[in-house]
Protein chains: 2
Amino acid sequence: MSETNVASVPPGKREQTKAANRQAILDAARAVFAELGYGATTVRDIIRRTGLASGTFYNYFRSKEEVFQALMDESALRIRPRLKEERLKAKTFEGFLHGMFAVFFTYVLEDNHGYEMMRANTGAIRVRMDTPEVIAGFEELRVDIDSGIARGVIPDVDAEYLTASLIGIAFEMADRIVTRDDPDPEEAARFATELVVGGIAKVAAGG
Amino acid sequence: MSETNVASVPPGKREQTKAANRQAILDAARAVFAELGYGATTVRDIIRRTGLASGTFYNYFRSKEEVFQALMDESALRIRPRLKEERLKAKTFEGFLHGMFAVFFTYVLEDNHGYEMMRANTGAIRVRMDTPEVIAGFEELRVDIDSGIARGVIPDVDAEYLTASLIGIAFEMADRIVTRDDPDPEEAARFATELVVGGIAKVAAGG
DNA sequence: AACGAAACGTGACGATCCGTCAATTTCTCC
DNA sequence: GGAGAAATTGACGGATCGTCACGTTTCGTT
């Protein structure tokens, strides 16, 4: 036997360069998006920075939009495990919320590279893309809320509106946090958590 | 005296067609944005629908982005008076919030033409533009919150985070409302209002 | 090691869009 | 009416788009 007694297949030069090229394009795209904004960047801007030929880009992605989606998915894949971990160790609904907000705000701050990407420098346009991975994250949240309501840990309120509110608060507050002089994700998470916890109680009480 | 005994200047053909052309471009843009999505539409798509020459577009707007901004401003100008009215007749903070949310959700529903504009049909990209008029609306809200806190009508919480939360809740909930089978802006406004009112109380209480 | 097939990178190509501008038409005012 | 300002027009150079035929690299086989 020459090789592959291990289950994993040896890389193979073909797949190596393929993965390298794909990553090179993603890295270049991240940089260019952050520099020019999503709206102003062109496929050529991205591929130029990699040294590859223009046609090669289309072997990996179908459009600028699709690279952006891949980058969003990358982010979502990085943050979802942290959210899951937080979710598992939460004993109370309040702890659950606080963990989620804190992880999200912290991530956005340490990553703001990727967050600035969503702002088109020209004008005041903001782009947001709900990719499959992002949506999956939203749905995990939604499932936990449904389950929390079913188990009586969360008061019986409109789960869709609640999920939407959490997402809206998280994204809009994140936007303010990254522009603060001395951002404090912990403080922000406390604010958001108490807002929601106190709010739900009142919603459930029916006024 | 031939004319203009009234203070108002007679229209004048020049200004007439100018206003007509501008409006034609705006109307065409609204239709095309709603049809193709913001990302996919080109200046040519817009101008083609008006029958004007391509060069004429640039006599009125500098770019696709600027037409979009004009459309957003139009919307903001339409809704701000309604919000102001609601704000003036509000006796309590709760009434204030409820009025704002109800007006906003109702507007979004009856206008969803303009709301769909923000969705790029291709993929799941959403664009949002905070134009001067929109920002002015946000700041009016912020000012009222600051004032409410100063007068003791609103508990003393972080006004920036509170404003952000309101905006986040409003936009994200609006997104869900327009996709519901039988949308009820009143119910949604009640949810949002109680969420915030109850939440603020808890935030102010400090846990 | 040599070979053939398949996969991949390359850059040129036609189509389209961008923003500009000189020529032309339309309006205003004397 | 007619001079002059203002606005419209469409063609132009520059650039991007997505495709495709071609050349090169890799892989499995003999």
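Letters A, B, ... are given to chains in the order of the sequence lines, protein chains preceding strands, and every chain is numbered from 1.
The existence of a salt bridge linking A/R119 and B/D130 is excluded, since no basic side-chain nitrogen approaches an acidic carboxylate oxygen closer than 4.0 Å. B/D158 has a carboxylate O that lies under 4.0 Å from a charged side-chain N of A/R180, or vice versa, which qualifies the two as a salt bridge.
Residues from residues 32-50 of chain A that place a heavy atom under 4.0 Å from any atom of DNA chain D, listed by number: A/T42, A/V43, A/R44, A/R48. Near-neighbour residues of DNA chain D inside residues 55-67 of chain B, defined by a heavy atom below 4.0 Å, number-ordered: B/G55, B/T56, B/N59, B/Y60.
Put simply, the side chain of B/R176 gets close to the backbone of B/E172: a donor and an acceptor are under 3.5 Å apart. Under the 3.5 Å distance criterion, the side-chain polar atoms of B/S147 are left unmatched by any main-chain donor or acceptor of B/V143.
In this structure, A/I125 CD1 and B/M118 CE are separated by 11.5 Å, a value rounded to the nearest 0.5 Å. Separating the NZ atom in A/K202 from the OG1 atom in B/T193 is a distance of 10.0 Å, to the nearest 0.5 Å.
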Just distance, no hydrogens or angles: give the donor-acceptor pairs under 3.5 Å from side chains in residues 93-104 of chain A, sequence neighbours left out.
residue : atom : partner : partner atom : Å
A/H98   : NE2  : A/E186  : OE2          : 2.8

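In this entry the distance linking NZ of A/K18 with P of D/dT26 reads 14 Å, nearest Å. Atom CD of A/E15 and atom C1' of C/dC8 are 13 Å apart (whole Å).
Taking every heavy atom of both residues into account, A/T50 and A/A24 meet most closely at CG2-O, 3.7 Å.
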For nucleotides 22-26 of chain C, tabulate all protein N/O to nucleotide N/O atom pairs closer than 3.5 Å, reporting atom names and distance.
residue : atom : partner : partner atom : Å
C/dT26  : O2   : B/R14   : NH2          : 3.3

Enumerate the protein-to-nucleotides 28-30 of chain D contacts in which both atoms are nitrogen or oxygen and the separation is below 3.5 Å.
none

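Residue pairs meeting the side-chain hydrogen bond (donor to acceptor under 3.5 Å, both in side chains) criterion with at least one partner in residues 30-42 of chain B, sequence neighbours excluded, are B/D27-B/R30, B/R30-B/E74, B/E35-B/R49, B/T42-B/D45.
Heavy atoms from other residues, nucleotides or ligands lying under 6.0 Å from CZ of A/R62 number 12 at most.
The side chain of A/N21 contributes no N or O atom lying less than 4.0 Å from OP1 or OP2 of C/dC8.
Ring pair A/F68/A/F33 is perpendicular by interplanar angle, where above 60° counts as perpendicular and below 30° as parallel. Taking the six-membered ring where tryptophan is involved, the planes of A/F191 and B/Y161 are tilted, since the angle between them lies from 30° to 60°.
In this structure, B/T17 reaches neither bases nor backbone, as no heavy-atom distance under 4.0 Å exists between it and the strands shown.
Taking the centre and axis of the six-membered ring of B/Y107, the NZ or CZ atom of B/R82 falls outside the cone set by 45° and 6.0 Å.
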